[in-house]
Structure formats: C-alpha cells, structure tokens
Visitor: 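Quick one: structure below, then a few questions.
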Number of protein chains: 2
Amino acid sequence: MSIKGIFPIDKWDFKSRSVLAGLPDGDLEMLMANQTEKVYKLSEVIFWEGAYPSGIFYIKEGKVKKYKLDKDGREHIIYVANAGELLGYHAILSEDRYPDSAAALEETRIAFIPKEDFLKTLQHSGVLNGRLLKNLSHEFAVLANSLSMFAKSSVRERLALQLIILREKYKVNFQPGMPVAINMSRDDLASLVGTARENVVRLLSDLKEEKIVETKGRTITVLDVQKLIKIAGYK
Amino acid sequence: MSIKGIFPIDKWDFKSRSVLAGLPDGDLEMLMANQTEKVYKLSEVIFWEGAYPSGIFYIKEGKVKKYKLDKDGREHIIYVANAGELLGYHAILSEDRYPDSAAALEETRIAFIPKEDFLKTLQHSGVLNGRLLKNLSHEFAVLANSLSMFAKSSVRERLALQLIILREKYKVNFQPGMPVAINMSRDDLASLVGTARENVVRLLSDLKEEKIVETKGRTITVLDVQKLIKIAGYK
DNA sequence: AAATAAAATTGATAAATATCACTTTTTGGA
DNA sequence: TCCAAAAAGTGATATTTATCAATTTTATTT
C-alpha cells in the first residue's frame, strides 16, 4: 500500500508471474541500465493513446488501467495491469504509436526503460524474446475471451466475470481464505464492464441481496466466487 | 478462387503482408521441411478450441474464421484470417491449448507445419521471432480496438466497422477503384458483429437505402467507404 | 429444371439497457 | 471535524436490441 521511495534494482521483488522473473542477470542489467523511477498518483496518466513510444514501463507496485477514449470522449477500460507487468511494449514492437492510454488506479511506482535499451536487450536476449512472445500470446487469449464474452452476454454476466478477474488482481498480498476487497470507482467498473454506472450500481445491489458480494463505501468484497463463476457462465 | 492442387514450396507466392515474407531462405526451408498441404471445404473445421496443438497452419489461399462457442453453443467470430497468415501459433507459444476454433470461410488451401519444426525454427531464427512478435502486437492492437468498440457502440456502428475491415480482407486480387464484394453469410456477419441475424439484415437494408452498400444474394458490395467510416465513428 | 432444403427477410412484440433528473452518501481538503 | 465537491445510488422513462413466428428468396440436389 505505502510507497516508500526509490528502490535500487537489486531490491526488486519480482512476482513469480512477472514477465521478467528468472531473466538472466546480464539481460536484466542491460535492460535496467538507464531505468528511472516515478511514483504516479491516483488517475495520473502514464502515456496517451496515439503518442509515439519512447520506452516501456515496468510496474513495481500498484495497479494501472489501460483504456481507450471513444468518439464522445468517454473512457473504456480494456485491461487492468498489476505489479510485475510491462506496459507499452506493444507499441514499440509493432513500430507504431500507443494503441491505448494508461493511468494509475492507485498510487503506483513505475520504472521507465528507454526504447533503445529495450530493443538492444531484446536483440541480445533470446529468453526475453521468448518471454514476451509467451506473454503476448497469453494476453491475446485473455483479450479474445473478453471479446467473445462482450459479443453475447448480459451486463450481469460481464459484471460477474470482471469481478472474478478483479478479485484475482486485488488478491495479491492477502491471506488465503480471507475475502478479497476490490477498491474501484463505480465509473471505472462500469467502463470495464462496458455499461453505464447506473446499471453497475443496480446489479451490484442485486448481488448484495443474493449475498454474493458486500459493499462498504467504494470497496466491493466478494463473498462467493463460485456463484459469480456460475453467473458468468463459465464451464 | 479455384484451387488447383499441391504447390511445391518454391511456388508459394508470399503476399507482402505475409508473416513469412522476406524470411531468410534457410529459415523458410527449415520451417517448411515437413509441411503437408490440405484443401478445406467451406465451413470445414481446421482446429477446435480446447484441443492440444500439434502444429501451426499457414493459409496459402482462402479465408478462415476464428471463433469461440458460448455456453449456449452459439458461435462468435473473433477474427477473419486471410491468405498469408499463420494460424494456431498462439497456443504453442503460450504452451496451452487452442483458445479458439478455426474453420474455412470458403474453399481454403492450408499448409500444416509440425510443432517441432516451428519451435526449432523459432529458436534458430531471430527474424521469425521478431516477425511473430510484431505480428502478435498488431493483432493485439486490432483486438483491443474491437473490444473497446464492443464496449460502447451501437450495432449499426459495429456493423459499419466490420464492413470496413471485411472490405480490406476481400479486396485482395481486386482492381483499385473497383467496388469490393464481400461474400459472407448473414449468420457469420451477425456473429462477427455480435448481434442477431435479423438485426444485421435490417441494418443492411438501411445501408442499402442510404446507397452505402448494395446486396445481391449473399454478397455485399461496399459503394461508399467514407460514409461507413463516418458511421463507425472513426476520427 | 423441378423439388427440396437452407438461408434471408419481415413484422410484431418482449426484454434489456441507456439516459435523464434528482437525492443521498462518501471523500478529501481546509 | 466540518464543509464543499465528487461519487454513488434511485426512480421514471426512452431507446435499443433480442426473440418469436411466419413468409419469401436463394442455393443445392436429383
């Protein structure tokens, strides 16, 4: 929760699911040679859709939303990224501009790695290459799943699915067995689900009556994941 | 249109946008050493979601739909792949099962490349590695775009967008300036747009009245792309 | 080319979702 | 701790989309 300041590279606690976990020391050093660190405040923008990428971002601590703006200027969250993940490398790999924007969902500590270092390391490191391919393939599958979900399912089903996913993301650092508290604005949640805030509010209060979640202020506590899974319609 | 039979490797006409275009000869030969070719009939399944991948597929000629089935057994197309594209490599890269199914949208000629050859070539070829990363990044951006589109836009907007995209895919081999004919069942189109067939039919007849498209049998001819772009709400 | 099956289309209606106007609650700064 | 300001919640209503039942058109087979 609390962000204490600048950490040296050797203090990084790579989560096991980090893209960079287990990368050879040499590769890691090359990649991190010129990293700079910054703490982003809630809602602070990390990069804008359409901008030319000058490097990639590694989330050391916190959470980040990736989103796109529609023609009416409304925000649509397409992904919530967690500590241990890399941001903005798609744009560099596809030699294009950022396809989406990114902003902090809470106070978030991020390392910036210049484009040149990233590309140099990538060229040098077969491991990093493979890691990114694997990561991208996975992200792709997740996204394809969301897409097919969006294509034909009710808002209630989509909300259930997003709560399941968010629960996983907010679970980090919590005890097993303990219910997970999701801290997210109704607007952001609605944007993630792809509906209006009012609908999310109404559906959440249904879920509350059904004893599936509990809410207190803006935090949502998942009481019964199994029922959520059933609602989301996952086999 | 017509499929003439088995082509030897050196006869392959790689389209410029093929993932394999410009791959060093050695790498290409290693990749293709044990390829086998098959012609798939309309609607014939190439691989099933959930199956373990034993290799990858290269589309030599034709078109393929990638889709997922929802809990009611209904099909949702997430992507239409064209000649020159590779299929099924995501699953191998992410060391998992196929995240979606694939089936031919027309008579389609496809080369099968065994998993071992693919992985061996990938390990050996930095170029292929980079090419796949770039390709995946691109596909990812396209998918992210569709997702944000789904999240908040009317069926009419989504239909317009899909017609624009399909027009590009069906444009291959046609003269510039000549209107492009899209040959696709209303069911498949509805699945791609994420709605019911009836809605697609109604919206198409609106577009017809507005002189934006023309239909004859199952083929849809795009007369005015600019208006479609306007409808889709793209800046 | 006729017969049959499959796909496309149309109209009526039901259901889901969005929007608007407003009240209440929560949150973050003075 | 109190006070704005922002966010969350509620009810009424409009709009969009889905579904059902039927008919017409197109494609396929003999």
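From a predicted model like this one, the values you see are computed outputs, not experimental measurements. Naming convention: chains lettered A, B, ... in sequence-line order (proteins, then strands); numbering from 1 in each chain.
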Visitor: Taking atom C1' of C:dA14 as reference, at what distance in whole Å does atom CD of B:E198 sit?
Guide: 14 Å
Visitor: If each of B:L42 and B:S153 is mapped to the nucleotide of DNA chain D with the nearest heavy atom, which maps nearer the 5' terminus, i.e. the 5' end?
Guide: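 Here B:S153 is the residue nearer the 5' end.
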Visitor: Using a heavy-atom cut-off of under 4.0 Å over every strand shown, decide if B:R202 touches base, sugar-phosphate, or nothing.
Guide: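 Counting heavy atoms under 4.0 Å across all strands, the contact made by B:R202 includes a base.
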Visitor: Can you find a side chain N or O atom of B:N199 that sits less than 4.0 Å from OP1 or OP2 on D:dT17?
Guide: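 No, B:N199 has no side-chain N/O under 4.0 Å of OP1/OP2 on D:dT17.
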Visitor: Tell me whether the OP1 or OP2 atom of D:dA18 has a side-chain N or O from B:T195 closer than 4.0 Å.
Guide: yes
Visitor: Output the rounded distance in Å from NZ (B:K216) to P (D:dT25).
Guide: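 To the nearest whole Å, that distance equals 16 Å.
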Visitor: For residues B:R186 and B:L204, report the shortest heavy-atom separation together with the two atoms involved.
Guide: NE-CD1, 3.5 Å
Visitor: Any salt bridge between A:K60 and A:E37, counting N to O under 4.0 Å?
Guide: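 A salt bridge is present here (some side-chain N lies under 4.0 Å from a carboxylate O).
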Visitor: Looking at A:F57, I'd like to know if the NZ or CZ of A:K38 sits under 6.0 Å from its six-membered ring centre while staying within 45 degrees of the ring's axis.
Guide: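 Geometry flag: not set, cation outside 6.0 Å or 45°.
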Visitor: Nearest-nucleotide wise, let me know which of B:G217 and A:R74 is further upstream toward the 5' end of DNA chain C.
Guide: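 Here B:G217 is the residue nearer the 5' end.
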Visitor: Nearest heavy atom decides the nucleotide; on that basis, is B:V201 or A:R218 closer to the 5' end of DNA chain C?
Guide: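 Its nucleotide being nearer the 5' end, the pick is B:V201.
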Visitor: Within a strict 4.5 Å, meaning less than it, do heavy atoms of the A:K65 and A:D188 side chains meet?
Guide: yes
Visitor: So, do B:L207 and B:L163 sit near enough that their side-chain heavy atoms are less than 4.5 Å apart?
Guide: yes
Visitor: Once you round it to whole Å, what is the distance between P of D:dA18 and CZ of B:R156?
Guide: 16 Å
Visitor: Quickly work out the B:L204 CG to C:dT9 P distance and round it to whole Å.
Guide: 7 Å
Visitor: In whole angstrom, give the distance that lies between atom CE of A:M184 and atom P of D:dA7.
Guide: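 These atoms are roughly 14 Å apart.
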Visitor: Return the value, rounded to whole Å, for the distance between atom CZ of B:R197 and atom P of C:dT10.
Guide: 12 Å
Visitor: Rounded to the nearest angstrom, tell me the gap between atom CZ in A:R158 and atom C1' in D:dT17.
Guide: 12 Å
Visitor: Whole angstroms only, please: what is the NZ-C1' distance between B:K208 and C:dA8?
Guide: 11 Å
Visitor: Does D:dG9 have OP1 or OP2 sitting under 4.0 Å from an N or O in the side chain of A:R186?
Guide: yes
